[in-house]
Amino acid sequence: MSGGGGGGLGAGFSYQKFVHVALEQTRLRTALAPHPSQEKFKFIKTNEDNTVFNALSFSASKIRLLRSLTIEQKNSVQVLDFAAFSEPEYDLPIFCANAFTSPTRSIIVLDLNPLYDTTEHEDYRGKYYRKLMPLIHKYSELLPWGGKITSESLRFFSPIVIWTILEPTEANHQVLCSAFMDYYKAWLELMDEAVQETSTEKIDRNREAQHKYLTWRAEKDPGYPLLKKLIGECAAKDLVREFLFEGVNSLGTKSFLEYFPEYAQEDGTVNKKRSMMGKSFESRPWDAHGQFVGDPGDG
Ligand code: BLA
């Protein structure tokens, strides 16, 4: 597992290990069954022969979808996209680990993305994040805030989000691996403790919140241009809608513009821009208690 020349990791490491360990941990707590999307996406053909895709998806009693995608390009790009979505009977956060590593830098988002915006829904913040705040205190120095970010992303992030840009060194990789496991174990713990909701109204609300999240990411994920380049537009669209954000076609019927009307253009189509608000938040916009203190104009 040693890095390539000069400590750069573009060549010598793999996110596959993260996936293996996470699946091992999951199996200690619940029985995983292959998800229907698994068959179709097991073998993904790429336009470049030095590139390997690995896609896995499962479900379990409380887990609607647990899926991972890694992309490995010899001596250059390494990608991890690992996420877990609960059944709508639970209002569990969405586990989200995304890493894009090139020979010069790693762009990382690691979070338990809230199903409900934690600034608007203080009860939700209290329920899940109050006791998780030590996690961000543990890592905020080694994995510092990555600087200005697409402002729309903030509403999908929690007060413990790790958003960082790192030099891809062996040491940073070790820290990231440790943070990934800490965050994932925290999610598994919440999953274990989660009690099934019985009110139809609340279940419907959870389902719609998850659908809104899936709708956002299926339309605006920053990884999409690279996927398009590697496997072509059609296959990339399929991968996004039927694998990575599976559920976008089935959990709800609202369209992207119904959830995010600010993206509507005069002719009724969706604005292709990734962001209407632009980038902001120069520094971490939550205080030590997870209270939002951000000012978009702070930088
Ligand atoms: C960049 N990826 C980014 C950035 C973020 C994320 C925050 C920085 C640019 C920005 O401000 O948007 C990730 N953003 C997220 C995530 C959420 C979000 C996870 O809002 C969740 C709500 N990244 C991947 C994958 C690929 C990838 C799978 O996770 C490729 C297949 C690539 N991400 C990628 C690339 C960039 C990037 C190439 C730099 C280009 C850019 O900034 O658009």
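Please read these numbers as outputs of a predicted model, since none were measured by experiment. Counting convention: from 1, in listed order, for ligands and their atoms alike.
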>> Any carboxylate oxygen within less than 4.0 angstrom of a Lys/Arg side-chain nitrogen, looking at Lys62 and Asp192?
In response: no
> atom 5 (C) of ligand 1: which of Phe281, Tyr213, Trp163 has the nearest heavy atom?
Replying inline: Trp163
>> Heavy-atom contact check, 4.0 Å cutoff: does Tyr224 meet ligand 1?
In response: no
>> Give me the residue, atom name and distance of the protein heavy atom closest to atom 36 (C) of ligand 1.
In response: Ile107 CD1, 3.7 Å
>> Considering non-hydrogen atoms of the protein only, which is the closest contact for atom 15 (C) of ligand 1, and what is the distance?
In response: Val109 CG2, 3.8 Å
>> Under 4.0 Å and counting heavy atoms only, is there anything from the protein next to atom 42 (O) of ligand 1?
In response: no
>> Run the side-chain hydrogen bond (donor to acceptor under 3.5 Å, both in side chains) test against Tyr90 and tell me which residues pass, sequence neighbours left out.
In response: none
>> Is the contact between Thr150 and ligand 1 made by the side chain, the backbone, both, or neither, using heavy atoms and a 4.0 Å cut-off?
In response: both
> Where on Lys279 is there a heavy atom closer than 4.0 Å to ligand 1, on the side chain, on the backbone, on both, or on neither?
Replying inline: side chain
>> Quick check on Lys202: does its NZ atom have over 12 non-hydrogen neighbours (other residues, nucleotides or ligands) under 6.0 Å away?
In response: no
> What is the closest protein heavy atom to atom 28 (C) of ligand 1, and at what distance does it sit?
Replying inline: Val79 CG1, 3.4 Å
> Which protein heavy atom lies closest to atom 26 (C) of ligand 1, and at what distance to 0.1 Å?
Replying inline: Gly223 CA, 3.4 Å
> Do ligand 1 and Arg274 have nitrogen or oxygen atoms that lie under 3.5 Å from each other?
Replying inline: yes
> Can you tell me the protein heavy atom closest to atom 24 (C) of ligand 1 and the distance?
Replying inline: Asn98 ND2, 3.6 Å
>> Give me the nearest non-hydrogen protein atom to atom 23 (N) of ligand 1 as residue plus atom name, then the distance to 0.1 Å.
In response: Phe100 CB, 3.9 Å
> Which part of Ile149 is near ligand 1, with near meaning a heavy atom under 4.0 Å away: side chain, backbone, both or neither?
Replying inline: both
>> I'd like to check which ligand 1 atoms, numbered from 1 as shown, lie under 4.0 Å from a non-hydrogen atom of Ser153.
In response: 14 (N), 18 (C), 20 (O)
> In terms of residue, atom name and distance, what is the protein heavy atom nearest to atom 2 (N) of ligand 1?
Replying inline: Pro222 CG, 3.2 Å
> Nearest protein heavy-atom contact for atom 17 (C) of ligand 1: which residue, which atom, what distance?
Replying inline: Phe157 CE2, 3.9 Å
> Between Arg217 and ligand 1, is there a nitrogen or oxygen pair with a distance under 3.5 Å?
Replying inline: no
